[in-house]
Amino acid sequence: MLDIKFIRDNAEAVRKAAVDKHIKCDVDRLIEVDKRRRELQVQLEVFRGQVKEDGQKIGLLRNPKSPWYVKAIADGKTEADIKAEAARVQAELAEIKPKIKQLEDEEGPVLEEFEQLMLLIPQPADPAAPLGKDDTENVEIRKVGEVPTFDFEPKDHVKLGTELGIIDIERGVKLSGSRNYILKGDGAMLHQAVLRLAQDMMVERGYVPMQVPVLVREEVMYGTGYFPTGRDQAYLCERDDKSLVGTAEVPLTAYHSDEILKESDLPIKMCAMSPCFRREAGAAGKDTYGLYRIHLFDKVEQVVICKNDIETSKAFHEEILANAEAVMQALELPYRVVNVCTGDLGMGQVLKYDIETWMPSRDSYGETHSASRFYEFQARRLKLRYRDGAKKVHYCHTLNNTVIASPRVLIPVLELYQNADGTVTIPTALRPYMGGRERIEGQ
RNA sequence: GGAGGAGUGGCCGAGCGGCUGAAGGCGACGGUCUUGAAAACCGUUAGGCGCGAAAGCGUCUCGGGGGUUCGAAUCCCUCCUCCUCCGCCA
């Protein structure tokens with residue numbers, strides 16, 4: 001969410017920012033509604049002030065023990081005078097009351113519309129984000145590692161995993177429908193190994209590991225920016241008005257929502273391993289093969305909450321990107337980093353770096369990580385604030401990035417580490433989590 | 001799931017229809033004192049929105065929402081959360 005004052009003063013820029021992001025919102029209507037909202041508030045406050053004042057007056061007029069009453073009598077007023085005065089004031093109030101009611105009746109829907117419109121205004125992208133319509137226009141920043149060539153016919157992860165008996169997509173689909181799978185034996189082990197490696201590396205880097213709820217209240221989804229626009233992507237538990245999260249970013253970022261932190265508490269660095277639920281609505285027919293686009297996966301996510309300073313935010317953005325790259329380097333996987341273009345940025349993101357890892361079966365780099373910078377966007381929605389040395393209250397800045405998401409990352413791991421005989425060499429960094437073994441050989 | 005009890009400022013805790021955005025205490029911050037510190041003493045210490053160039057002013061908020069009333073932290077309804085007991089269960 002943006003500051004309404006900022007929107008008022010920069011309407012043109014906000015409009016353009018939405019166009020760049022290919023997000024529809026109605027800035028003109030918002031400004032109109034905001035104007036009406038303020039007019040109503042001013043009128044209402046005058047009346048409310050009067051009600052308050054008159055109400056107190058009546059209290060005094062009706063209480064013979066009040067200092068005011070005693071003084072009035074001493075000044076020569078009669079009880080009848082005072083009673084008449086009380087009646088007069090009450091009559092005045094009786095006239096104001098319907099006016100307030102009328103204004104309030106108008107204000108209700110105005111406020112409602114104002115809030116709805118506000119939730120749809122996107123955060124303008126950083127000038128450093130390339131202008132573009134979709135992911136095809138993301139800009140490569142750097143490539144790390146060599147894309148290997150094979151001296152045999154390499155298998156894709158599904159064939160490889162199925163033959164090794166470590167991936168069972170057919171039965172996953174039998175149980176849960178399309179985009180579901182089962183990992184088995186060394187498949188399950190490998191999955192947990194990459195997650196453990198990622199988490200251990202983050203803890204080593206000073207991030208506090210958290211175990212968080214993945215079924216959250218609606219306001220948490222709104223607060224992090226996933227609702228209302230992303231509602232169709234979430235699994236809802238409507239009986240309880242809760243949603244399954246698509247990422248631990250949601251509970252981690254909302255952890256301090258509705259709080260005022262001390263500046264000395266910042267930065268807050270956290271990570272969490274959690275299941276992630278995604279409906280993938282609208283993706284029908286896209287990436288249907290294998291473990292790339294699935295409804296449930298596990299992920300270690302990193303979140304940073306820092307002070308409201310653009311340079312600080314930028315520095316942490318580089319840090320969380322570096323954290324993820326360190327994991328990819330530990331796994332010795334070839335990847336590239338791309339600067340995501342405006343059209344591919346979400347509602348709240350100012351700038352986003354994706355890490356894409358080489359996936360032989362796709363014959364291309366596929367997205368495995370997404371590092372986002374939000375400035376105040378989420379913090380405003382979440383009421384996530386801190387007090388500075390001068391006791392002034394500010395919204396925090398928030399950032400997040402994947403550390404590892406599995407089984408998607410198992411696609412490059414399996415495909416790149418496969419051998420001619422159909423076995424898979426276990427990356428050195430994962431061996432401690434795989435009983436020290438060097439290979440997956442299947443049954 | 002059933003039966004009770006409770007939700008007040010950073011924390012503890014008074015208030016139970018008007019002068020209470022809220023006593024008192026603790027904590028924190030500033031000051032006096034001190035070589036420094038402690039103690040003691042004095043002071044400051046909610047957020048949102050709006051108006052205003054600013055100083056400042058107004059209004060809303062005592063878990064959330066609604067109602068009664070001239071007037072509500074205080075009364076009523078409803079939802080949420082927590083606690084206790086019973087039941088069920090990993």
Side-chain angles (χ1 to χ4, degrees), chain A residues 1-9 30-72 82-101 103-115 117-119 211 213-223 237-243 254-266 308 376 379-396:
Chain A
M1 189 141 57
L2 300 184
D3 184 352
I4 182 61
K5 291 182 199 118
F6 175 86
I7 299 174
R8 286 204 288 260
D9 297 343
L30 174 63
I31 286 174
E32 221 174 280
V33 171
D34 172 53
K35 186 161 171 263
R36 188 64 192 140
R37 163 186 152 258
R38 285 181 295 147
E39 286 167 359
L40 288 168
Q41 182 172 340
V42 170
Q43 292 174 36
L44 269 167
E45 283 183 5
V46 171
F47 285 133
R48 283 188 183 134
Q50 203 161 343
V51 168
K52 203 172 175 178
E53 205 179 298
D54 287 354
Q56 281 170 359
K57 209 186 232 170
I58 290 175
L60 298 174
L61 289 167
R62 286 207 188 147
N63 180 1
K65 285 187 191 131
S66 76
W68 185 92
Y69 198 103
V70 171
K71 185 169 181 300
I82 296 173
K83 235 174 215 162
E85 174 67 2
R88 210 212 85 237
V89 173
Q90 194 152 344
E92 184 178 291
L93 279 170
E95 254 171 68
I96 296 173
K97 237 190 154 184
K99 289 182 189 162
I100 291 183
K101 176 88 172 79
L103 287 170
E104 279 176 346
D105 285 349
E106 189 185 345
E107 192 194 33
V110 167
L111 287 178
E112 176 68 16
E113 187 179 3
F114 175 73
E115 272 149 33
L117 290 166
M118 281 294 278
L119 287 173
Q211 190 67 42
V214 294
L215 186 58
V216 301
R217 297 174 190 279
E218 296 239 324
E219 63 213 67
V220 174
M221 296 299 280
Y222 277 98
C237 300
E238 283 159 311
R239 277 201 300 185
D240 298 301
D241 284 326
K242 284 173 192 165
S243 315
Y255 181 58
H256 287 293
S257 61
D258 222 353
E259 292 181 27
I260 301 180
L261 303 165
K262 286 180 283 194
E263 187 169 4
S264 56
D265 293 335
L266 303 175
N308 190 312
E376 309 176 350
R380 272 186 184 279
R381 292 183 173 221
L382 289 166
K383 298 187 181 65
L384 167 54
R385 296 159 297 177
Y386 69 94
R387 211 183 297 276
D388 69 15
K391 306 205 167 172
K392 202 165 177 278
V393 174
H394 305 271
Y395 287 102
C396 300

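Throughout, protein chains are lettered first and strands after them, A, B, ... in sequence-line order, and every chain is numbered starting at 1. Keep in mind it's a predicted model, so treat the numbers as computed, not measured.
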Apply salt bridge (charged side-chain N to carboxylate O under 4.0 Å, His left out) to A/Lys262 and list each qualifying residue two or more places apart in sequence or on a separate chain.
none
Integer angstrom distance from the P of B/A23 to that of B/A46
10 Å
Mind checking the C1' distance from B/C12 to B/A6? Whole angstroms is fine.
16 Å
Check for a donor-acceptor pair, side chain of A/Tyr386 on one end and backbone N or O of A/Asn308 on the other, with a separation under 3.5 Å.
yes
On RNA chain B, check which nucleotide each of A/Arg385 and A/Lys52 is closest to and give me the residue with the more 5' one.
A/Arg385
Can you see whether A/Gln43 engages A/Glu39 through a side-chain donor-acceptor pair at a distance of less than 3.5 angstrom?
no
With the threshold set at under 4.0 Å for non-hydrogen atoms, list the residues of residues 55-62 of chain A touching RNA chain B in residue-number order.
A/Gly55, A/Ile58, A/Gly59, A/Arg62
Partners of A/Glu32 by salt bridge (charged side-chain N to carboxylate O under 4.0 Å, His left out), sequence neighbours excluded?
A/Arg29
Using the P atom on both, measure B/A38 against B/U32 and round to a whole Å.
14 Å
A/Gln90 meets the side-chain hydrogen bond (donor to acceptor under 3.5 Å, both in side chains) criterion, sequence neighbours left out, with A/Arg62
Flag side-chain contact, heavy atom, 4.5 Å: A/Arg380 against A/Leu2
no
With heavy-atom distances below 4.5 Å as the criterion, would you say the side chains of A/Asn63 and A/Tyr69 are in contact?
no
Students should find that the nucleotides of RNA chain B closing off the region near chain A, any atom under 4.0 angstrom from a heavy atom, are B/G18 to B/U81
Range-with-range stems for RNA chain B, at least three Watson-Crick or G-U pairs under 3.5 Å:
B:1-7 with B:80-86, B:10-12 with B:24-26, B:27-32 with B:40-45, B:46-51 with B:56-61, B:63-67 with B:75-79
With a non-hydrogen cut-off below 4.0 angstrom, is A/Lys383 in contact with a base, only sugar-phosphate, or nothing?
nothing
Of all of residues 254-262 of chain A, which get a heavy atom below 4.0 angstrom from RNA chain B, listed by number?
A/Ile260
Holding to side-chain contact (heavy atoms from CB on, under 4.5 Å), I want the full list of residues that pass it with A/Lys97, two or more places apart in sequence or in another chain.
none
Interatomic spacing from CG in A/Leu103 to CZ in A/Arg48 - rounded to 0.5 Å
9.0 Å
In whole Å, measure the gap between the P atoms of B/C80 and B/G27 for me.
39 Å
Across all chains, not counting sequence neighbours, the salt bridge (charged side-chain N to carboxylate O under 4.0 Å, His left out) partners of A/Glu263 are none
Which residues pass the side-chain hydrogen bond (donor to acceptor under 3.5 Å, both in side chains) test with A/Glu219, sequence neighbours left out?
none
Name all residues meeting the side-chain hydrogen bond (donor to acceptor under 3.5 Å, both in side chains) criterion together with A/Asp105; count only those two or more places apart in sequence or in a different chain, and write none if there are none.
A/Lys101
Classify the nucleic acid contact of A/Arg217 as base, sugar-phosphate or nothing, counting any heavy atom under 4.0 Å across all strands shown.
sugar-phosphate
Determine the Euclidean distance between corresponding C1' atoms of B/A14 and B/U69; express it in Å to zero decimal places.
25 Å
Under the salt bridge (charged side-chain N to carboxylate O under 4.0 Å, His left out) rule, collect the residues that match up with A/Glu85, sequence neighbours excluded.
A/Arg88
For the P atoms, the ones on B/G58 and on B/C19, what distance do you get once it is rounded to whole angstrom?
16 Å
How far, in whole Å, is B/G7 from B/C16 if one measures between their C1' atoms?
15 Å
For the P atoms, the ones on B/G71 and on B/U61, what distance do you get once it is rounded to whole angstrom?
13 Å
Both A/Lys391 and A/Gln90 contact RNA chain B. Which one's nearest nucleotide lies toward the 5' end?
A/Lys391
Check every strand shown and say whether A/Arg380 touches a base, only sugar-phosphate, or nothing at a heavy-atom separation below 4.0 Å.
nothing
With a 3.5 Å cut-off and no angle check, do the side chains of A/Gln41 and A/Glu107 form a donor-acceptor pair?
no
